[in-house]
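Structure, as structure tokens:
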2 protein chains.
Amino acid sequence: MGSGQPKGRSGGRPTLEEVAARAGVGRGTVSRVINGSPRVSERTRAAVEEAVAELGYVPNTAARALAANRTDSIAVVVPEPESRFFAEPYFSDIVHGVGTALADTDMQLLLTFAGGDRERRRLAQYLSAHRVDGVLLVSVHADDPLPDLLEQLEVPAVISGRRRADEPLASVDSDNFAGARAAVTHLLSRGRRAIATITGRLDVYGAQLRLDGYRDALAQAGHGPEEALVARADFTEEGGRRAMEELLARRPDLDAVFAASDVMASGARQVLRRAGRRIPDDVALVGFDDSAIARHMDPPLTSVRQPIAEMGRTMTDVLLAEIADPRPPATRRLTRPRIVLPTELVHRASS
Amino acid sequence: MGSGQPKGRSGGRPTLEEVAARAGVGRGTVSRVINGSPRVSERTRAAVEEAVAELGYVPNTAARALAANRTDSIAVVVPEPESRFFAEPYFSDIVHGVGTALADTDMQLLLTFAGGDRERRRLAQYLSAHRVDGVLLVSVHADDPLPDLLEQLEVPAVISGRRRADEPLASVDSDNFAGARAAVTHLLSRGRRAIATITGRLDVYGAQLRLDGYRDALAQAGHGPEEALVARADFTEEGGRRAMEELLARRPDLDAVFAASDVMASGARQVLRRAGRRIPDDVALVGFDDSAIARHMDPPLTSVRQPIAEMGRTMTDVLLAEIADPRPPATRRLTRPRIVLPTELVHRASS
DNA sequence: ATCAATCATGGGAGCGCTCCCACTGTACTT
DNA sequence: AAGTACAGTGGGAGCGCTCCCATGATTGAT
């Protein structure tokens, strides 16, 4: 029909077919070259590559996805835009790690947002409708339906931070328990005796593990369970302030505080200062996360560093391996990796 | 071939065809319903919607992209993973804003990373190969080839922060000039007289504008150009320290510093404190960005807030409008929006 | 020299959708 | 009564690729 140009419609990008014509070979052969199949002679390969370069050919992803039934992309599912998640450096660092891991591949990264449960159900549908090859879940709550939906739809997924001890999904976590224990052991070694802790929301498994680590360190040092001094908070600065006030009221002579996040430590610091306590002279303070806040606090905050970017990288590696795995999902389920990355105590002036 | 099932291969997700069969209509009609075309009778629409719900049908994005030649997704191009860009809250906030704006649409967000020029060329090819409908560029350097490549390939794009005064692309920026001027005017109104500034890299246009704002405020207050006290830095903490040392050497009696970023202000603060200067008693300090650092610094830092999330939102709105615009690119070029959002001075104890 | 295996290659079929043309039926005109 | 308009619909063609089968050329074994 129409203007007579048989193939190379000058507008638009070149197609496989045009490359094939130019190189004087068939479509299949070009496809083989593009995809690095070994079953092509050197001569032919060179000819095709030249044609590709001359025409500036780039495969059409949509066509490839449709034909091959894979998308060469993975999604990171981010908790709803309204959440405080974004305020934390966690997000950037995870994404940074994912980006690094993806740089070596030709996979792309899709960022999806989902707040409420209904939205997350819709998202599961959407993701499974062959939109992505796999999913990275960050900051998932214990009762989130998404992980199970993805499991059911057989979409490969990796979760950051276990939801509970027997996390069924492939997971990558940092060693919250050991990190907390190291922080408290450090305080003990500096001669502190009345060591309190401010916890995060205990329905977040990592927060529970940090509390366990605190208790374990005290026990190891011969302290009885009754010496534990625990105030629950919720990872917020305001929560940190309230918890610190509570602790000071309960135990005015405390000489150290381990806060389960830097943000809460910052809140605690304000209350301590207002109460006339010097840091670290009167009260030593240790945080968790080693965020920018820790470095810029006054005095700089000793904190437990989590290798967050490395977690992002590792999650991606695990996911890519899962995607590449030819075995049926039922088989894989039994050998899903559960990786725990070491944390590290960064000592600064606050302790 | 083979197992006899004519259509509904029980594995896999349902297709348009299956929905059509179920609803007793043709493929075209289902497509019309899915895409909200008005040319469908109420009865038919209801029947199709029921079939869609029953089968849990979700359109295959790849097929749609291939047939309709659009992808319903946009890309955010992020400077290379190695850059410090990630360390800044800027990134999260922009993405947050983009996510918010996208939540109302069914567009998806692709995050792409590109470091060197070669990578960025490759990326331009890739993006233009019908992978995305439009591109959001953040933190672009003055000599980045990517914007021009995209222009050439007729890929709709919006840039955050103009590269120069006559930015040809659609752009969304914050009012760096007015923000800096407000900061310096504030310092003047507090009785400060010897006001220095620490600049960012001046090849970043925004940094130049902040310097211009500083100069303008001084001029407006009747200070001669010779009273300007400028030290150049590079947006880093270390740069802030060095610049502060230089300023202190040149003008020991300075009583205020306007740093073009919070991070540099943090570096300056360290040097000031080491030199025995009290903040704000001896030297008032103002930053730019109003990042987490500003809130947690001691004393808390007065800073110029940029509406970064809103910039992300606005950029997205502009891009979506550009994508929807049916006029040819040549026409649009003349009326590309150049939006400048207001900044706001957040007063804290450091000034 | 003959046959089997292997390699390299071309091209048909089909992935699931949108676009558009052709067709039917109903409502309104003159 | 015949004509015109248009709302509503079905389905062919085709988007650009991968997969796979058929084919011919080449090699090695007997």
My understanding is that only one of Arg162(A), Arg163(A), Glu167(A) makes a side-chain contact (heavy atoms from CB on, under 4.5 Å) with Val140(A); could you say which?
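Answer after filtering Arg162(A), Arg163(A), Glu167(A): Arg163(A).
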
Please tabulate, for side-chain N and O atoms in residues 48-55 of chain A, each donor-acceptor pair with protein atoms closer than 3.5 Å (sequence neighbours left out).
residue  : atom : partner  : partner atom : Å
Glu54(A) : OE1  : Arg22(A) : NE           : 2.7
Glu54(A) : OE1  : Arg22(A) : NH2          : 2.6

Open item on the list: One thing to verify: whether Glu151(B) and Arg333(B) come together as a salt bridge, which I'm taking to mean a side-chain N less than 4.0 angstrom from a carboxylate O.
Closed with: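 Between Glu151(B) and Arg333(B) there is a salt bridge, with a charged N closer than 4.0 Å to a carboxylate O.
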
| said: I need the residues from residues 44-69 of chain A with at least one non-hydrogen atom less than 4.0 Å from DNA chain C; give them sorted by number, or say none. | reply: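 Heavy-atom contacts with DNA chain C come from Thr44(A), Leu66(A), Ala67(A).
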
Let me test you: for the helix from dA1(C)-dT30(D) to dT30(C)-dA1(D), what is the angle between the axes at its two ends (five pairs each), rounded to 10 degrees?
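The value is 40°.
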
Problem set entry | Point-to-point distance, once rounded to the nearest 0.5 Å, from CG of Leu146(A) to CZ of Arg120(A) |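 If we round to the nearest 0.5 Å, Leu146(A):CG and Arg120(A):CZ are 5.0 Å apart.
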
Whole-Å gap separating [atom2] ([N]) and [atom1] ([X]):
X        : N       : atom1 : atom2 : result
Ile34(A) : dG16(D) : CD1   : P     : 15 Å
Arg39(B) : dT24(C) : CZ    : C1'   : 15 Å
Leu16(B) : dG12(D) : CG    : P     : 15 Å
Glu17(A) : dA13(C) : CD    : C1'   : 14 Å
Asn35(B) : dG16(C) : CG    : P     : 17 Å

Could you run down the sub-3.5 Å N/O contacts of the protein with nucleotides 22-24 of chain D?
none

### Task
Write out all pairs satisfying side-chain hydrogen bond (donor to acceptor under 3.5 Å, both in side chains) with one or both partners inside residues 310-320 of chain B, taking only residues at least two apart or from two chains.
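Every candidate side-chain hydrogen bond (donor to acceptor under 3.5 Å, both in side chains) pair involving residues 310-320 of chain B fails, so no pair, neighbours aside, qualifies.
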
Open item on the list: Quick check: closest heavy atoms across Leu169(A) and Pro147(A), and the distance to 0.1 Å?
Closed with: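 The answer is CD2-CB, 3.9 Å.
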
Expected list for residues 101-115 of chain B: side-chain donor-acceptor pairs under 3.5 angstrom, two or more places apart:
residue   : atom : partner   : partner atom : Å
Thr105(B) : OG1  : Leu102(B) : O            : 2.9
Thr105(B) : OG1  : Met107(B) : N            : 3.1
Thr112(B) : OG1  : Val76(B)  : O            : 3.3

